[in-house]
Amino acid sequence: MTGIWTVARQTFVQCLRMRMALGFIIMLAVALAGVGITVKGDGTLNGRIRTFLDYSFVITVLIPGIMTIFLTVGMVAGDVRRKQIFMILTKPLARWHYVLGRWLGVMMLNALLLSLAAAAIYGVVQYLKSLPALNLMDRLALMNGVLTARESIPPMPPDIEGEMARRLKALTADSRRYEQAIEAYQTRETCSREQAIDLIQKEMHKQIMEDMQTVGPSRVIGWKFPAPNVHGSQIRGTVKVLLVEPKTGQVVAEADESLTCQMVVETPIEINEMRGMVSWADQKLFEARFKKEQIPYFESKKISPGQHVPIAIDPAIQLSYKPVPTGSFADMPFVYGIWRFSNDKGMPVIMSPREDPSNQPATLTIPASVANNAETLKVEYRNLNSPGDPMFDTEELRAKWPNPNVKLSTLRFSNDQISLLYRVGTFEANFLKAILMVLLELAFLAAMGGLLGSFLSLPVGSVFALVMLLFGRMQDFAVTAAGSQGGHGDFVEYFCEACGYFLRFLAFFIPDLAAISPEAHLADGIRITWPFVSVESAAPMLARCAAMLGAACLIFRRRELGRVQV
């Protein structure tokens with residue numbers, strides 16, 4: 001192993017002296033600085049940091065990745081081309097020691113470069129975080145949607161089979177209508193009776209799925225979720241008491257923005273161990289209300305103006321969704337509706353009127369107390385036909401939506417685009433896991449470069465490796481696009497089908513880099529779990545990395561180094 005370490009150390013020093021490596025390092029620094037300065041997102045602080053994280057991680061993967069390919073291919077192939085390999089191997093050094101040492105030396109450079117890039121990205125995020133937000137909702141979206149680590153809970157599967165059975169029973173009850181439907185399918189599709197029945201059931205299944213994801217004007221759609229477990233995840237801090245009203249149980253206090261942004265109306269909190277509810281919150285101030293029976297304890301708990309007292313805020317949960325208008329009003333800019341949350345215990349019930357941009361992901365934050373001691377959480381959405389819907393014609397809604405002529409179309413909520421989110425970790429832990437996943441990808445690229453450099457020249461090996469990097473980033477699209485045109489008879493379609501088989505074979509050696517990329521999880525505040533890091537990322541990366549390094553050692557061991565390289 002001494003030989004491997006010697007080559008690795010010499011490779012690391014050699015990389016630092018190379019103008020090509022220095023050029024890539026400068027390029028990475030300029031790109032990260034440029035993104036940090038110029039990126040604006042959607043104009044909000046939340047959108048700016050989210051966009052910066054997304055772009056900065058793509059840059060941190062691609063620029064060091066391309067550098068790694070050129071270094072590993074160039075060093076091995078260059079030593080052979082310049083005949084320097086003979087001077088290296090005259091020492092008591094096995095050829096496989098040389099290959100592994102080159103790979104390890106480049107990975108040492110990658111680790112150093114990635115550490116500096118990670119420090120720069122984290123520093124920019126902390127600087128942007130200190131900037132003023134547009135409003136409390138902007139800060140709330142940032143702290144609960146980006147600078148956190150959340151678990152995502154999909155809705156429970158709908159009872160499609162039960163609905164299928166009910167609709168089939170209703171259809172077969174009218175035998176004449178049922179036979180007419182079968183005959184119509186037989187005539188249109190030119191098929192047997194059994195095939196027509198199968199087609200009817202498939203069409204019915206498709207219609208049920210569509211009906212369960214759409215809601216018409218003044219209609220209600222609902223989902224059930226497993227109740228999230230949020231026990232023991234209170235947010236703690238210190239606040240300054242400004243006003244105390246013992247007769248009404250009101251307390252107004254000043255708090256840091258990082259605390260007020262966690263306060264949703266009706267969120268349970270503890271101030272100096274007294275339980276209350278948040279009645280309103282601003283960027284620096286909030287008001288809490290306490291029950292009448294707690295008022296006599298104000299003095300004993302020593303809550304008075306001017307004091308700094310500890311506070312504990314119960315966690316919040318978020319509902320993520322995307323409303324899509326359909327029909328004649330599909331191009332409308334906003335949708336209006338009422339969300340209703342309840343649990344299987346019957347209480348509490350939370351209702352929230354919403355005005356959301358169409359065709360855009362939206363997030364609604366509610367107190368996690370709605371899921372207390374419950375097994376399931378029921379979520380319902382009423383699509384308001386107009387802001388003057390008589391069922392919800394309240395003073396609050398009239399003030400929020402003063403135009404009574406706004407009409408809504410049918411809305412579609414795709415089941416794969418709606419989920420419950422709750423906090424389970426910190427942004428810092430998520431960030432470190434994302435950096436580790438980037439390092440694993442660079443390790444794979446370094447091994448692939450070492451393999452190609454063991455038997456190809458620098459230009460050929462580098463181009464081939466860059467094509468493989470591009471394929472890894474577009475693997476799912478490339479395989480689907482190539483294989484979807486086959487099977488219809490002409491030469492072009494057979495050729496596309498053959499390409500699909502070849503790309504699927506190639507995918508066995510090149511992992512789907514886009515599917516295991518961490519930037520989407522990080523920018524959306526979704527927890528990167530250790531099983532995802534180890535099973536989904538580390539296992540395929542390291543297995544292919546070991547296989548490629550083994551093949552590189554075997555090829556280089558049997559290679560005639562004096563032969564002209566092509």
Apply side chain to side chain donor-acceptor pair (under 3.5 Å) to Glu519 and Tyr55, showing your working.
CA-CA 8 Å; Glu519 56 262 21; Tyr55 286 0; over 6 Å; no

Passing option when Met209 is tested against Lys206, His205, Met212 for side chain to side chain contact (heavy atoms under 4.5 Å, CB included)
His205

How long is the gap from CG on Leu112 to CE on Met107, to the nearest 0.5 Å?
12.0 Å

d(Arg236 CZ, Ile313 CD1) to nearest 0.5 Å is 10.5 Å

From Asn430 CG over to Arg150 CZ, what is the distance, rounded to the nearest 0.5 angstrom?
10.5 Å

Taking all non-hydrogen atoms of both residues into account, name the closest pair between Leu549 and Ala447 and its distance.
CG-CB, 3.8 Å

Please report the interatomic distance CD(Gln475) to CG(Leu503), rounded to the nearest 0.5 Å.
9.0 Å

Using modelled atom types and a 3.5 Å cut-off, is there a donor and acceptor pairing between side-chain atoms of Arg9 and backbone atoms of Trp5?
no

Contact between Met541 and Leu513 at the side-chain level, heavy atoms closer than 4.5 Å - yes or no?
yes

Any sub-3.5 Å donor-acceptor pair from Asn359's side-chain atoms to Val324's backbone N or O?
no

Heavy-atom nearest pair, Pro228 first then Ile317, reads CG-CG2, 4.0 Å

Yes or no on side chain to side chain donor-acceptor pair (under 3.5 Å) for Gln14 and Arg102, after CA distance, side-chain angles and deciding distance?
CA-CA 10 Å; Gln14 183 180 350; Arg102 285 300 197 194; 3.1 Å; yes

Scan Met75, Met108, Met20 and name whichever one has a side chain to side chain contact (heavy atoms under 4.5 Å, CB included) with Cys15.
Met75

Might you point out which heavy atoms bring Ala434 and Leu522 nearest each other, and give the distance in Å?
CB-CD2, 4.3 Å

May I ask you to decide if Met263's main-chain N or O and Thr267's side chain share a donor-acceptor pair within less than 3.5 Å?
no

Which heavy-atom pair separates Ile516 from Phe532 by the least distance, and what is that distance?
CA-CZ, 4.1 Å

Output yes when Arg50 and Asp54 qualify as a salt bridge under the 4.0 Å nitrogen-oxygen rule, no when they do not.
no

How are the rings of Phe509 and Phe505 set to each other: parallel, tilted or perpendicular (split at 30° and 60°)?
perpendicular

Salt-bridge present (Lys224, Glu375; N to O < 4.0 Å)
no

Between Thr426 and Thr148, is any pair of side-chain heavy atoms under 4.5 Å apart?
no

Between Ser537 and Ser534, is there a donor-acceptor pair closer than 3.5 Å when you use the side chain of the first and the backbone of the second?
no

In terms of side-chain geometry, is the basic nitrogen of Arg412 or Glu210 positioned less than 4.0 Å from the acidic oxygen of its partner?
yes

With a 4.5 Å limit on heavy-atom distance, are the side chains of Met67 and Asn110 in contact?
yes

I want to check something: taking the side chain as every heavy atom from C-beta on, are Gln318 and Leu364 in contact at a cut-off of under 4.5 Å?
no

Run the side chain to side chain contact (heavy atoms under 4.5 Å, CB included) test on Leu456 and Val73 for me, step by step, so that the C-alpha distance in whole Å, both residues' side-chain angles and the decisive distance to 0.1 Å come before the verdict.
CA-CA 8 Å; Leu456 294 176; Val73 175; over 6 Å; no

Less than 4.5 Å apart, side chain to side chain, heavy atoms only: is that true for Leu319 and Leu421?
no

Answer yes when Arg48 and Asp42 have at least one side-chain N-carboxylate O distance shorter than 4.0 Å, and no when they do not.
no

Between Trp223 and Phe413 (judged by ring centroids, cut-off 6.0 Å), do the two rings come close enough to count as a pair?
yes

Evaluate Leu451 against Ile555 for side chain to side chain contact (heavy atoms under 4.5 Å, CB included), listing each step before the verdict.
CA-CA 8 Å; Leu451 172 61; Ile555 292 172; 3.9 Å; yes

Stepwise side chain to side chain contact (heavy atoms under 4.5 Å, CB included) check, Ile121 with Phe52:
CA-CA 9 Å; Ile121 294 172; Phe52 170 73; 3.9 Å; yes

Does the side chain of Tyr98 pick up a donor-acceptor pair with the side chain of Arg557 at under 3.5 Å?
no

Closest contact, heavy atoms only, Pro518 versus Phe57
CG-CD2, 4.4 Å

Are any of the side-chain heavy atoms of Met548 and Leu452 separated by less than 4.5 Å?
no

Would you check if Phe431 and Val125 make a side-chain contact, meaning some heavy-atom pair closer than 4.5 Å?
no

Using modelled atom types only, decide if a donor and an acceptor are shared between the side chain of Trp103 and the backbone of Ala443 within a distance under 3.5 Å.
yes

NE2 on His521 to CD1 on Ile528, rounded to 0.5 Å
6.5 Å

Can a donor-acceptor pair be found, under 3.5 Å and without considering hydrogens, that links the side chain of Asp356 to the backbone of Ala362?
no

Decide yes or no on side chain to side chain donor-acceptor pair (under 3.5 Å) for Asn46 and Thr44, but give the supporting numbers first.
CA-CA 5 Å; Asn46 168 59; Thr44 64; 4.6 Å; no

Looking at Tyr422, is its backbone amide N or carbonyl O close enough to the side chain of Glu151 to form a donor-acceptor pair, meaning the two atoms are under 3.5 Å apart?
no

Can you tell me how far the CD atom of Glu441 sits from the CG atom of Leu114, to the nearest 0.5 Å?
10.5 Å

Answer yes or no: are there more than 12 heavy-atom neighbours, outside Phe471 itself, under 6.0 Å from its atom CZ?
yes

Would you say the side-chain atoms of Arg139 pair up with the backbone N or O of Pro132, donor to acceptor, closer than 3.5 Å?
no

Does Leu53 offer a backbone N or O that forms a donor-acceptor pair with the side chain of Ser56 under 3.5 Å?
yes

Yes or no on side chain to side chain contact (heavy atoms under 4.5 Å, CB included) for Thr238 and Leu259, after CA distance, side-chain angles and deciding distance?
CA-CA 9 Å; Thr238 303; Leu259 292 176; over 6 Å; no

Are Arg354 and Val335 packed together at the side-chain level, in the sense that at least one heavy-atom pair is separated by less than 4.5 angstrom?
no

Correct closest heavy-atom pair for Ile153 and Pro226 would be CG2-CD, 3.6 Å

